[in-house]
Amino acid sequence: MAIPFEELTTVFSFDDFVFRIGELSKMTGVSPRQLRYWEQRGYIKSLDRTDDKRARSYNYAAYVSVKIIKHYLDDGYTLEGAVSQMRSAIKYLTAVRQFIRHSVTSVDFEDGGAVIDLGVFDGDQQKHLYAHTRGTDINYEIR
DNA sequence: ATTCTCACA
DNA sequence: TGTGAGGA
């Protein structure tokens, strides 16, 4: 029984994850003071604050950005350098994510491994490219 | 209990 | 960037 990948992506939305500054701080090891400062500098952004919500809130995208900045910061980069690395990393991640979103149409399982449908392969759009994965080993098949 | 802004012995 | 004040 193949799982329709698109349904999973609509049901499982990362945007449903929203954190406040204290939570994001614990999740990333970055102090609330730093988070506010980074936002002031335009490095990260919090969700729009409506009249009733005076406190900042962050989505998953913000979490990823902070996590990446923190990574390079710990690696010895300056804040500006870490932010630069974060921006390019986000570009790569976005490109890969988009590719996967549009290429993976379904996933099935056969004898312990996954069979991932990578969509139409030929110009006539009659055949699909399948990736058979077991662990880190990947074999391709046109069917 | 948390978060916010502002100022800085 | 940290910290404390004074509010909400």
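Each chain gets a letter, A, B and so on, in the order its sequence line appears, and its residues count up from 1. From a predicted model like this one, the values you see are computed outputs, not experimental measurements.
Pairing for B:dA9 is absent, with no Watson-Crick or G-U wobble pair whose two atom distances lie under 3.5 Å. With both pairing distances under 3.5 Å, B:dA1 is matched to nothing as a Watson-Crick or G-U wobble pair.
A donor N or O paired with an acceptor N or O is not found under 3.5 Å between the base of B:dT2 and the side-chain atoms of A:Arg20.
Atom CZ of A:Arg134 is surrounded by 12 or fewer heavy atoms from other residues, nucleotides or ligands within 6.0 Å.
The separation between A:Arg33 atom CZ and B:dC6 atom C1' is 10 Å, rounded to whole Å. The CD-C1' distance, from A:Glu39 to C:dT1, rounds to 16 Å in whole Å. Spacing between atom CD of A:Gln40 and atom P of B:dA7 amounts to 13 Å, rounded to whole angstrom units. Separating the CD1 atom of A:Ile21 from the P atom of B:dA1 is a distance of 19 Å, rounded to the nearest angstrom. With rounding to whole Å, A:Arg36 atom CZ is found 14 Å from C:dG4 atom P. Between the CD atom of A:Glu23 and the P atom of B:dA1 there is a distance of 16 Å, given to the nearest Å. Between the OH atom of A:Tyr37 and the C1' atom of B:dT5 there is a distance of 16 Å, given to the nearest Å. Atom C1' of nucleotide C:dT1 and atom CG of A:Leu79 are separated by 10 Å, given to the nearest angstrom.
Residues A:Val64 and A:Ile68 have side chains in contact (heavy-atom distance under 4.5 Å, counting atoms from C-beta outward). Taking the side chain as every heavy atom from C-beta outward, A:Asn139 and A:Tyr130 never approach each other to under 4.5 Å.
Each of B:dT5, B:dT3, C:dG2 was ranked by its minimum atom distance to the side chain of A:Ser31; first place goes to C:dG2. The side chain of A:Arg56 lies closest to B:dT5 when the candidates are C:dT3, B:dT5, B:dT3.
Partner A:Val30 forms a side-chain contact (heavy atoms from CB on, under 4.5 Å) with one of A:Leu24, A:Ile69, A:Ile44, A:Val66 and no other, that one being A:Val66.
Looking at A:Asp117 and A:His128, their side chains do bring a donor and an acceptor atom within 3.5 Å of each other.
Contact annotation: A:Arg49 reaches the phosphate of B:dT5 (side-chain N/O to OP1 or OP2, under 4.0 Å).
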